[in-house]
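Everything numeric here is computed off the predicted structure, so don't read it as measured data.
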Amino acid sequence: MAEPEPRVRKPRPAALLFEPSEAAADPEHFFGLDGIEDPRELLHRATELTLAFRAATDRSVEFQALAAAQLADPRRFDRLTPADIAERAGWTADYAKKMIEFGRGLLRDATP
């Protein structure tokens with residue numbers, strides 16, 4: 001009988017504040033930036049949003065890598081090949097291999 005897999009502490013995604021649904025319906029409205037008239041305040045708020053989106057992108061890439069590594073785990077009876085993962089994610093096979101390795105590194109680092 002196989003030993004149960006150790007619990008892995010899963011990283012939490014970056015918090016993002018989403019626009020209210022009525023504001024999101026207006027294509028010219030973007031997180032209130034269109035209503036800011038002071039250029040200093042506009043630069044500050046736009047920079048905050050840029051940093052938040054970059055952090056969210058970095059975190060989501062980490063989650064993609066974790067998922068790819070888990071899907072490619074040779075211990076899974078239903079594991080996927082790098083080519084299968086690439087097809088599902090819209091990646092090249094080489095990129096899928098790199099993401100699988102990146103995800104394996106993240107899983108190793110998260111294991112106590």
What's the spacing between [X] [atom1] and [Y] [atom2] if we round to 0.5 Å?
{"X": "Asp58", "Y": "Phe53", "atom1": "CG", "atom2": "CZ", "value": "13.5 Å"}
{"X": "Arg75", "Y": "Gln70", "atom1": "CZ", "atom2": "CD", "value": "10.0 Å"}
{"X": "Leu42", "Y": "Asp34", "atom1": "CG", "atom2": "CG", "value": "9.5 Å"}
{"X": "Ile36", "Y": "Glu41", "atom1": "CD1", "atom2": "CD", "value": "4.5 Å"}
{"X": "Phe102", "Y": "Gln64", "atom1": "CZ", "atom2": "CD", "value": "10.5 Å"}

What closest approach, in Å, do [X] and [Y] show between heavy atoms, and which atom pair accounts for it?
{"X": "Trp91", "Y": "Ala96", "answer": "CE3-CA, 3.7 Å"}
{"X": "Ala93", "Y": "Pro82", "answer": "O-CB, 4.4 Å"}
{"X": "Gly103", "Y": "Ala69", "answer": "C-CB, 3.6 Å"}

Quick one: list whatever passes side-chain contact (heavy atoms from CB on, under 4.5 Å) with [X], sequence neighbours left out.
{"X": "Asp78", "result": "Arg76"}
{"X": "Leu80", "result": "Leu71, Asp84, Ile85, Arg88"}
{"X": "Thr50", "result": "Arg54"}

**Prompt:** Val61, Ile100: one ILVMFWY side-chain cluster at the under-4.5 Å cut-off?
**Reply:**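 Yes, same cluster.
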
**Item:** ILVMFWY network linking Phe63 to Leu106, side-chain heavy atoms under 4.5 angstrom
**Value:** yes

**Request:** Could you note down all residue pairs passing side chain to side chain donor-acceptor pair (under 3.5 Å) where residues 95-107 supplies at least one of them, sequence neighbours left out?
**Result:**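 Output for this query lists Glu101-Arg104.
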
**Prompt:** What residues, two or more places apart in sequence or in another chain, satisfy side chain to side chain donor-acceptor pair (under 3.5 Å) together with Asp94?
**Reply:**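 Asp94: no side chain to side chain donor-acceptor pair (under 3.5 Å) contacts found.
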
**Asked** For Glu48, which residues count as a side chain to side chain donor-acceptor pair (under 3.5 Å) partner, sequence neighbours excluded?
**Response** His44, Arg45

